Amino acid sequence: MQLHYRELGQGKPLLILHGLFGTSDNWQTLAKRWAEAGHRVIVADLRNHGRSPHASEHTYEVMSADVLELFDALQLQDATLLGHSMGGKVAMRFALDHPERLARLVVVDIAPGFSDMRHQDEILAGLHAVDLASLQTRQQADEALARHIPQFSIRQFLLKNLYRLDDNSFAWRQNLDALTMHIADIGAEITSAHPFLKQALFVRGGLSDYITADDKLHSIPALFPNSQVETVPDAGHWVHAENPDRIFELVQSFMQS
C-alpha cells in the first residue's frame, strides 16, 4: 500500500508514525522543528487513517509491510523510526522485521506487550453514534460524541478526522469499520525470536500506564536490549501534545548520539 506522507527538511532521515485515530497532522509542528534542526523528516498516515488508502486488513504485519514500501519508495536507509502508541507498535514490528534499514528506534508511550483495548470501546461507540448521513454541522458531531466521550480534548482530537465531501456531506478520514473489526489486533503483543540490537529510546508519560515498571525491566529489554526508557513526568499518553519541548529535546539528543 502506498501511504500518504509529508516531507520536510534535509539531512539524516526521521520517519514518524502516529497513533490510533491520529494522522500525520498530529506531528506536523514537531516535524517542522526537527527539519529546522537538520533532519529530513517524513510524516506518514498509516493505512485506514488520514489520507492513506483504506483496506480490510489492519495488523502490525501488514502495517510493517506498508512502511517497508514507503522506505523503498523514498530510498530510506539508516533512518530513525519514531512511532507513538499504535504507531509505536508498528515501529517496533518494523525494527524487528527490518533492522538493517534503521539507525535507531524511538517509541512513544507504548510497550511491546498486549494492550487492553477495552478503554477504546466508548470511543468507538461515540464515533459510530455520529450519523454521517444526517449530519449538518461539526457541533452536532461533537454532541453525538459527548454522549460517550466526556473529555473535550479527546473529542477535539477525534473531530480532526471529520471532513466534508464534494457534495458537502461529512465523512471520517479513518476506516471506522476496519478499525472496529481489528481493535483486538491493535492491542496485540509484538514478539520476535531475534531482538533489535541497535539503539532504542522509549519515552513514557509519567501520568500514563501504557509503559509499566515491569515493561521497563522485562518486556522492553527482552526485545530491545540496547534501549533506554525516559519519563516525561507531567505528561499522559499524548506526550508529544502535552510536552512537545521535552519530546523535541529527547529525540534530538538521541538522534545526535
Side-chain angles (χ1 to χ4, degrees), residues 1-5 15-24 26-27 44-71 81-99 102 105-129 148-149 154 157-158 160-161 172-196 200 202 204 208-212 214-215 218-220 222-224 237-238:
M1 176 180 290
Q2 294 184 342
L3 299 178
H4 174 266
Y5 67 92
L15 178 62
I16 301 174
L17 306 175
H18 61 80
L20 180 62
F21 304 124
T23 72
S24 55
N26 304 145
W27 285 86
D45 287 332
L46 291 165
R47 64 165 54 205
N48 295 319
H49 289 77
R51 291 172 173 79
S52 282
H54 289 185
S56 58
E57 285 187 283
H58 197 88
T59 66
Y60 289 116
E61 287 73 22
V62 298
M63 287 190 280
S64 174
D66 293 342
V67 173
L68 178 61
E69 189 174 335
L70 184 58
F71 263 68
L81 181 59
L82 181 157
H84 169 246
S85 198
M86 179 188 74
K89 283 196 163 181
V90 177
M92 285 186 264
R93 179 74 274 154
F94 183 88
L96 294 162
D97 290 343
H98 307 287
L102 296 184
L105 172 70
V106 181
V107 177
V108 181
D109 212 57
I110 198 72
F114 167 78
S115 304
D116 188 345
M117 301 303 290
R118 285 177 294 182
H119 65 286
Q120 300 290 346
D121 288 350
E122 284 302 301
I123 288 179
L124 288 169
L127 290 168
H128 282 289
H148 298 271
I149 306 164
I154 294 178
F157 167 73
L158 295 170
K160 290 180 181 178
N161 290 289
W172 293 116
R173 290 209 179 274
Q174 73 263 27
N175 185 347
L176 187 53
D177 289 340
L179 297 178
T180 302
M181 183 183 304
H182 288 282
I183 197 67
D185 291 318
I186 296 169
E189 181 180 6
I190 302 297
T191 63
S192 177
H194 305 286
F196 177 75
F202 284 73
R204 63 179 292 270
S208 170
D209 59 2
Y210 278 78
I211 295 179
T212 66
D214 187 66
D215 291 323
H218 298 107
S219 71
I220 292 174
L223 288 176
F224 305 96
H237 184 53
W238 284 278

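Since this is a predicted model, take the numbers as computed values, not measurements.
Annotation for Lys89 and Ser115: closest pair NZ-OG, 3.0 Å, computed over non-hydrogen atoms. Heavy-atom minimum distance, His148 versus Ala125: ND1-CB, 3.6 Å. For the residue pair Ala55 and Asn175, the shortest heavy atom distance occurs at O-ND2, 3.4 Å. The minimum heavy-atom distance between Ile220 and Ile211, with the atom names listed, is CD1-CG2, 4.0 Å. In terms of heavy-atom proximity, Phe21 sits nearest to Phe157 at O-CZ, 3.6 Å. The two residues Ala44 and Ser24 make their nearest non-hydrogen contact at O-CB, 3.8 Å.
Looking only at atom types and distance, the side chain of Ser64 has a donor-acceptor partner in the side chain of Asp97 under 3.5 Å away. Between Asn48 and His58, the side chains place a donor N or O and an acceptor N or O closer than 3.5 Å (distance only, hydrogens not considered).
Note that the CD atom of Glu57 and the CE atom of Met181 stand 11.0 Å from one another [nearest 0.5 Å]. Taking CG of Asp45 as the start and CG of Leu3 as the end, the distance is 8.0 Å to the nearest 0.5 Å. Distance check: Thr59 OG1 to Ile186 CD1 gives 10.0 Å after rounding to the nearest 0.5 Å. Put simply, CG on Leu102 and CZ on Phe196 are 5.0 Å apart, with the number rounded to the nearest 0.5 Å. Atom CZ of residue Phe224 and atom CG of residue Leu96 lie 4.0 Å apart, to the nearest 0.5 angstrom. To the nearest 0.5 Å, the span separating OG on Ser219 from CG on Asp214 amounts to 6.5 Å.
Checking side-chain atoms of Arg93 against main-chain N and O of Thr191 turns up a donor-acceptor pair under 3.5 Å. When atom types are taken as modelled, the side chain of His84 and the backbone of His237 share a donor-acceptor pair closer than 3.5 angstrom. Counting only distance, with no hydrogens or angles, the side chain of Thr180 and the backbone of Leu176 share a donor-acceptor pair below 3.5 Å. Within the 3.5 Å criterion, the main-chain N or O of Gly113 finds no donor-acceptor partner in the side chain of Asp215. For the pair Ser208 (side chain) and Tyr210 (backbone), a donor-acceptor distance under 3.5 Å is present. A donor-acceptor contact shorter than 3.5 Å is absent between the side chain of Ser85 and the backbone of Gly87. The backbone N or O of His4 sits less than 3.5 Å from a side-chain atom of Ser52, completing a donor-acceptor pair. A donor-acceptor pair is defined here as one N or O able to donate and one able to accept, closer than 3.5 Å; no such pair exists between the side chain of Lys160 and the backbone of Gly22.
Enclosure of atom CD in Glu189 by more than 12 non-hydrogen atoms of other residues, nucleotides or ligands within 6.0 angstrom is indicated. Counting heavy-atom neighbours within 6.0 Å of Tyr5 OH, excluding the residue itself, gives a total of 12 or less. Other residues, nucleotides and ligands contribute more than 12 heavy atoms inside 6.0 Å of the CD atom of Gln120. More than 12 non-hydrogen atoms from other residues, nucleotides or ligands lie less than 6.0 angstrom from NE2 of His119.
Side-chain atoms of Gln174 and Leu127, non-hydrogen and from C-beta on, do get closer than 4.5 Å to each other. You'll find the side chain of Val107 reaches within 4.5 Å of the side chain of Met92, heavy atoms only.
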**OP:** May I have the step-by-step check of side chain to side chain contact (heavy atoms under 4.5 Å, CB included) for Met1 and Met63, ending in yes or no?
**Re:** CA-CA 9 Å; Met1 176 180 290; Met63 287 190 280; over 6 Å; no
**OP:** Dump the intermediate steps for side chain to side chain contact (heavy atoms under 4.5 Å, CB included) on His182 and Met117, then the final yes or no.
**Re:** CA-CA 11 Å; His182 288 282; Met117 301 303 290; over 6 Å; no
**OP:** Go through the steps for Leu82 and Val108 under the test side chain to side chain contact (heavy atoms under 4.5 Å, CB included), then give the verdict.
**Re:** CA-CA 8 Å; Leu82 181 157; Val108 181; 4.3 Å; yes
**OP:** Begin from the C-alpha positions of Leu46 and His18 and carry the test side chain to side chain contact (heavy atoms under 4.5 Å, CB included) through to its verdict.
**Re:** CA-CA 7 Å; Leu46 291 165; His18 61 80; 3.8 Å; yes
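Taking the ring centroids of Tyr60 and Phe94, they lie at or beyond the 6.0 Å cut-off.
Using a cut-off of 4.0 Å between Lys/Arg side-chain N and Asp/Glu carboxylate O, Arg47 and Asp66 are scored as salt-bridged.
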